[in-house]
Amino acid sequence: MFSSRASAHLVQESVVEAKTIREVYDFTLIERKWQAEWENARAFAAHDFTEGKEPYYLLEMFPYPSGYMHMGHMRNYTLGDVMARLNWKKGRSVLHPIGFDSFGLPAEQAAIDRGVDPREWNEECIENIIRQMKMMGFSYDWDRIVVTSRPDYYKWTQWLFIKFHEMGLVYRKEMPVNWCEEHGVLANDEAQEGKCWRCGRIVTQRKLEQWYIKTTAYADELLDGLNELENWPERVLTMQKNWIGKSEGTRVSFDLPAIGEKIDVFTTRIDTLYGVTFLVFAPEHPFVARIMEIVDDEKRAEIMAFIAETAKVDVIERTAEGREKKGLSLGVDCVHPLTGESVKLFIADYVLMDYGTGAVMAVPAHDSRDYLFAKKYNLPIKWVIRPVEGEWTEDDAFTGYGIMMNSDKYDGLSSEDGIDELSRDLESAGLGGFETQYRLKDWTASRQRYWGCPIPMVYCEKCGHVPEKLENLPVLLPPPEKVDMEKRDRGSPLAYVDEFVECVCPKCGARARRETDTMTTFLDSAWYFLRYCDPKNEAEIAGRDVVNHWMPVDCYIGGIEHAVGHLMYARFITRVLNKAGVLDFAEPFDVLFTQGMIYKDGAKMSKSLGNTVSPDDMVEDYGADTARLFSLFAGPPERDLEWQDEGVQGCHRFLKRLWRMFAEFWNARERIKELSASISHAEPELVAEIRRMEHTTIKGVTEDIGRMQFNTAIAKMMELVNFLAPILANEIAPAAVKTVSGDTSDAGEIKPVIAAFESALKTLSGLLSPFTPHIAEEIWEALGGVGFVMHAPWPAHDESLIATDTIEIGVVINGKPRARAIVPADADEASVKEIVFADETIAKWIEGKEIKKFIYVPGRIANIVAK
RNA sequence: GCCGAAGUGGCGGAACUGGCAGACGCGCCAGACUCAAAAUCUGGUGUCCGCAAGGACGUGUGGGUUCGAGUCCCACCUUCGGCACCA
């Protein structure tokens with residue numbers, strides 16, 4: 001191999017001045033050359049408000065900068081790059097930005113483990129990833145990079161928090177959290193089986209007061225908004241719908257005379273109210289403590305033991321499938337609101353404090369959980385619903401809708417009518433009424449971590465919790481050398497940094513304490529797409545006009561793993577800012593595309609499994625164009641794909657073949673060009689064939705791309721190369737050889753073939769350019785293309801060049817393909833029938849049989865039914 | 001358990017609204033070039049029967065609709081993903 005410098009010289013000369021192009025595909029050279037050209041020309045820069053061009057905002061989910069990226073990550077960005085480049089070619093004004101979600105645990109952990117500065121660690125990783133992205137030829141607007149951990153960004157994350165505060169959307173609440181002595185607060189998935197995922201210590205429950213954001217206030221809007229999202233995958237919409245978990249039902253209260261209180265319960269089946277035989281509380285329910293005060297010592301001890309038992313089990317295990325339902329009678333009764341009967345009161349672990357009211361009315365006859373519980377504790381079962389048709393058995397709960405019975409004046413009503421009437425009657429009696437419950441919970445904004453965006457709130461003895469003044473933003477994170485990140489007894493490590501904590505009250509000026517929790521990183525990433533529109537604005541989160549110009553995002557590409565979390569938060573923030581009058585639109589992402597993951601050796605490609613493929617190695621061995629091509633060709637983008645090294649070689653072989661064909665063609669053309677006089681001949685049939693294939697390919701590729709079927713689009717371009725290669729070898733190259741030896745007899749005839757071939761090649765470089773942009777630019781330039789091929793218009797096909805006079809169809813006899821026939825393209829059924837029956841092979845098959853039916857599907861098959 | 005997606009050669013995958021199953025690529029086999037290997041090129045390649053021409057079978061399983069089903073309908077099996085004591 002040549003050193004890249006020496007060969008750079010060689011190829012540059014050969015393409016531009018000399019008479020031959022080397023047939024060796026020097027991808028390193030080509031790729032470096034065009035990456036430099038694009039950079040110099042600022043070819044990827046987005047331009048706000050370009051006149052006469054429709055804006056197109058293409059976004060990929062930005063990465064967490066953890067060291068380096070592997071091909072699994074790169075697939076996402078390759079997909080996005082194809083879409084961006086495609087839209088450049090379609091004449092849109094493209095915004096294709098990139099940034100980094102750089103706050104969060106890995107940087108903090110690196111700081112703890114290795115004593116590095118998280119800022120520096122982030123910046124190094126970012127630099128490396130940018131290098132890798134440029135190496136892949138991605139067309140990002142590098143002037144719009146956004147980094148969530150930089151103060152110029154997180155100033156606006158803080159501004160958002162204050163905005164929420166202003167709008168009454170944040171509040172403080174005390175809730176139990178998973179606590180590890182060593183690692184502090186843990187998320188549920190970090191506390192599997194009651195043990196810390198890092199150190200294996202037993203996780204305990206601790207109460208902690210934290211900031212919450214009222215996402216539930218937007219539950220209905222977020223749910224209804226899903227109907228507008230026509231271009232989102234169905235499964236994401238379903239997941240969001242389940243996550244919001246809207247449930248319409250009825251609230252009803254039961255008297256609890258023992259402590260002089262009313263117990264509210266929520267039910268979706270108020271029609272079963274007469275079947276209530278007991279009530280169940282979550283063990284954490286506040287009334288349980290009240291009841292303990294009035295029961296005897298023995299009972300109190302029992303209750304305490306039961307609560308202690310439940311608390312030992314973490315949430316995950318407690319809500320595990322098929323778990324035996326454990327409960328305990330509290331020894332007090334409450335009163336049925338309609339019958340006045342006494343019903344026993346229990347606590348049980350299957351009732352959850354954070355759904356509904358934390359108490360349920362138990363109807364064992366019509367709820368399977370209550371049924372199991374009643375059987376276990378020998379409680380009465382009262383049947384109040386019967387099926388509309390047929391019998392039921394008492395071996396199990398009957399949970400369907402039916403006809404009410406044993407329900408006083410409601411007897412004979414359908415469940416639906418019963419729910420309606422009972423809810424109304426309860427409402428007028430002041431005992432309850434219709435109510436809607438959501439599974440969606442408010443969003444915990446606080447994290448007890450150092451490496452996050454400081455929550456811009458201040459606690460003053462006199463004024464309470466007060467937001468920092470806007471002109472004081474950003475509230476800067478103290479430098480890492482001032483922080484002991486492992487100190488967590490007070491919650492966040494920042495609580496020990498006096499110069500951070502001590503401040504003055506923004507309202508009264510008295511000495512005050514700064515909030516030491518930082519924000520969840522989901523908040524950083526829930527609005528970054530707005531900042532890309534106006535990344536350098538120092539006065540606003542983003543200029544109003546420019547945001548409304550680019551937004552909503554035309555196409556958002558990312559992994560399915562963000563179907564609920566990130567995408568829900570981004571939608572929430574957009575809706576809030578819409579309501580606040582900052583944004584003109586309510587939904588941030590017009591089209592959502594979820595790409596599949598890359599697997600290798602049967603497992604998801606990941607650093608921890610050590611089965612990654614490095615883009616650096618790929619680019620060195622095969623080049624960026626090959627790496628891009630393979631991740632697009634191996635399968636449809638929404639599906640998972642298995643990484644296969646042999647497949648990579650296949651794609652590389654294709655590019656090598658393409659390059660060699662191009663070089664051979666160019667060399668042959670040069671020879672013929674200079675030696676032959678122009679002799680006009682009739683256009684050979686070959687020219688029409690080349691044109692037909694050229695335009696068929698344009699049509700097919702354009703259609704496939706419209707459906708984001710990049711794998712089949714690439715297959716069609718491979719077919720074009722397979723078609724062109726023998727023409728070069730058998731027609732053009734021999735003519736060139738003859739010409740060189742002085743025999744120009746073929747030159748006149750071959751000239752139109754060369755012209756058609758050249759046109760096909762130029763078209764191919766256009767079609768290929770979104771996928772393999774470097775080799776495409778090189779071919780485009782050599783064939784005299786104007787400007788960058790990435791900005792040149794997408795090729796258009798001419799239907800009249802595709803059409804043929806005759807077509808070949810299949811002939812099917814009694815369901816089996818038996819023969820083929822050539823018919824005029826515009827033939828009708830009668831004339832096709834004539835041609836088909838004149839055929840010998842076909843005659844043999846239908847000999848002595850009666851023709852029952854003849855069907856001609858234009859352009860495809862003829863079908864004969866014979867008996 | 002509920003909801004959703006998917007089952008096609010040795011492998012990754014094509015087949016848009018029912019119309020010639022297996023495009024394209026990988027792998028494999030044979031041949032060419034080579035002292036040889038690699039690279040490259042040419043041809044072949046669903047399975048079974050057959051020397052061949054040719055034939056039979058074939059899209060997870062079982063049924064159905066249709067002139068015609070990978071595609072539509074019903075039932076089932078498997079895999080993957082999401083949710084899961086939600087009252």
Side-chain angles (χ1 to χ4, degrees), chain A residues 23-24 233-243 245-247 249-250 265-270 272 279-280 282 318-325 348-352 354-363 367-370 372-373 437-439 560-561 563-564 596-597 629-630 633-636 638-651 653-654 656-657 660 700 703-704 706-707 709 711-719 721-722 725-726 729 808-821 852-866:
Chain A
E23 288 172 17
V24 176
E234 200 53 45
R235 57 177 177 154
V236 175
L237 297 176
T238 311
M239 282 191 212
Q240 293 220 348
K241 199 177 157 211
N242 290 342
W243 191 256
K246 183 175 182 170
S247 160
T250 311
V265 301
F266 173 77
T267 177
T268 53
R269 292 297 304 275
I270 197 68
T272 64
L279 247 60
V280 191
R318 188 168 145 190
T319 57
E321 176 193 1
R323 193 175 140 82
E324 196 188 359
K325 282 147 191 52
D349 57 1
Y350 76 90
V351 177
L352 307 171
D354 55 8
Y355 184 80
T357 60
V360 300
M361 60 178 223
V363 187
D367 180 287
S368 11
R369 290 157 303 171
D370 297 342
L372 289 171
F373 194 85
Q437 278 290 334
Y438 299 90
R439 207 187 78 103
I560 187 74
E561 65 271 23
V564 279
M597 285 182 299
L629 198 64
F630 175 69
F633 179 65
E638 70 279 6
R639 272 228 289 265
D640 293 340
L641 73 83
E642 175 78 22
W643 185 269
Q644 283 181 327
D645 291 332
E646 297 82 7
V648 177
Q649 283 172 35
C651 288
R653 210 171 290 160
F654 166 69
K656 281 204 296 201
R657 255 157 63 78
R660 193 173 348 102
E703 279 170 3
D704 287 350
R707 290 179 291 148
Q709 290 237 2
N711 54 333
T712 52
I714 292 165
K716 289 186 172 102
M717 292 187 273
M718 287 174 167
E719 281 181 84
V721 171
N722 292 345
E808 201 183 21
I809 60 164
V811 181
V812 175
I813 299 165
N814 289 336
K816 301 222 183 292
R818 294 297 186 190
R820 314 188 59 75
K852 291 272 188 196
K853 211 165 190 178
F854 183 85
I855 297 153
Y856 174 53
V857 183
R860 298 192 184 270
I861 57 146
N863 190 1
I864 301 166
V865 187

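Keep in mind that what you see is a predicted model, and the values were worked out from it rather than measured. Letters A, B, ... are given to chains in the order of the sequence lines, protein chains preceding strands, and every chain is numbered from 1.
Distance noted for atom P between A23(B) and G44(B): 12 Å (whole Å). Nucleotides G10(B) and U45(B) place their C1' atoms 11 Å apart, quoted to the nearest Å. If you take atom C1' in U17(B) and the same atom in G13(B), they sit 22 Å apart, rounded to whole Å. On the C1' atoms, U71(B) is 14 Å away from U65(B), given to the nearest whole Å. For A15(B) and C49(B), the P atoms lie 33 Å apart once the distance is rounded to whole Å. Between A5(B) and C86(B), the two C1' atoms lie 25 Å apart (nearest whole Å).
Between the C1' atom of C3(B) and the CD atom of Q240(A) lies a distance of 15 Å, rounded to the nearest Å. Atom pair M597(A):CE and C80(B):C1' shows a separation of 10 Å (rounding to whole Å applied). At whole-Å resolution of the value, CZ in F266(A) and P in A87(B) are 7 Å apart. Rounded to an integer number of Å, the gap from CG of L352(A) to P of C86(B) is 8 Å. One atom, CE of M239(A), and another, C1' of G82(B), lie 5 Å apart when rounded to the nearest Å. Atom CG of D367(A) and atom C1' of C85(B) are 9 Å apart (whole Å). Atom CZ in R860(A) sits about 7 Å away from atom C1' in G19(B), given to the nearest Å. Going from atom CD of E638(A) over to atom P of A5(B) covers 13 Å, rounded to whole Å.
Centroid-to-centroid, the aromatic rings of F633(A) and F654(A) stay 6.0 Å apart or farther.
Between the side chain of Q240(A) and the main chain of A563(A), a donor-acceptor pair closer than 3.5 Å is present. Panel note: side chain N814(A), backbone A866(A); a donor-acceptor pair is recorded below 3.5 Å.
Under the rule for a side chain to side chain contact (heavy atoms under 4.5 Å, CB included), the partners of V648(A) that lie at least two apart in sequence or sit in another chain are M618(A), Y622(A), T626(A), F630(A), W643(A). Taking R660(A) as the reference, nothing meets the salt bridge (charged side-chain N to carboxylate O under 4.0 Å, His left out) condition, with sequence neighbours excluded. Applying the side-chain hydrogen bond (donor to acceptor under 3.5 Å, both in side chains) criterion to S247(A), with sequence neighbours excluded, gives no partner residue. R707(A) pairs by the salt bridge (charged side-chain N to carboxylate O under 4.0 Å, His left out) definition with D704(A), not counting sequence neighbours. Legend: residues meeting side-chain hydrogen bond (donor to acceptor under 3.5 Å, both in side chains) with D640(A), ordered by chain and number and at least two apart, are absent. Taking E703(A) as the reference, nothing meets the salt bridge (charged side-chain N to carboxylate O under 4.0 Å, His left out) condition, with sequence neighbours excluded. Judged as a salt bridge (charged side-chain N to carboxylate O under 4.0 Å, His left out), and not counting sequence neighbours, the contacts of R820(A) are E808(A). Not counting sequence neighbours, N242(A) has no partner by the side-chain hydrogen bond (donor to acceptor under 3.5 Å, both in side chains) test. Checked against side-chain hydrogen bond (donor to acceptor under 3.5 Å, both in side chains), T267(A) has no partners two or more places apart in sequence or in another chain.
Pairing partner, A87(B): none, since no Watson-Crick or wobble contact has both distances short of 3.5 Å. Base-pair partner of G4(B): C80(B) (Watson-Crick or G-U wobble, both distances under 3.5 Å). C41(B) is paired with G31(B) under the criterion used here, namely a Watson-Crick or G-U wobble arrangement in which both key atom distances are under 3.5 Å. Taking a pair to require two hydrogen-bonding distances under 3.5 Å in either a Watson-Crick or a G-U wobble arrangement, G22(B) remains unpaired. Nucleotide A75(B) is matched to U61(B) when pairs are restricted to Watson-Crick or G-U wobble geometry with both distances under 3.5 angstrom.
Side-chain proximity of R820(A) to the nucleotides A23(B), C20(B), C86(B) is greatest for C20(B). For E646(A), the side-chain atoms get nearest to C26(B) when compared with the rest of C86(B), C26(B), A23(B).
For C86(B), the OP1/OP2 oxygens have a side-chain nitrogen or oxygen of R369(A) closer than 4.0 Å. Residue K816(A) has a polar side-chain atom (N or O) positioned under 4.0 Å from OP1 or OP2 of C57(B). Residue R818(A) places none of its side-chain N or O atoms closer than 4.0 Å to OP1 or OP2 of G54(B). Note on N722(A): every side-chain N or O is 4.0 Å or more away from OP1 and OP2 of A23(B).
Judged by closest nucleotide on RNA chain B, N242(A) is the one of N242(A) and A359(A) placed further toward the 5' end.
An anti orientation is assigned to G4(B), its glycosidic angle lying beyond 90° of 0.
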Going 5' to 3' through nucleotides 6-15 of chain B and flagging B where a protein heavy-atom sits under 4.0 Å of the base, S where only the sugar-phosphate is that close, and - otherwise, we get -----SBSSS
Anything under 3.5 Å between a protein N or O and an N or O of nucleotides 60-69 of chain B, put it in a table, one pair a line.
unit_1, atom_1, unit_2, atom_2, d
C67(B), O2, N863(A), ND2, 2.3

Could you go over nucleotides 39-48 of chain B and give all protein N or O partners under 3.5 Å, atom names and distances?
unit_1, atom_1, unit_2, atom_2, d
U40(B), O3', R660(A), NH2, 3.3

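The distance from atom OH of Y856(A) to atom CD1 of I861(A), rounded to the nearest 0.5 Å, is 10.0 Å. Taking CD1 of I714(A) as the start and CD of E719(A) as the end, the distance is 13.0 Å to the nearest 0.5 Å.
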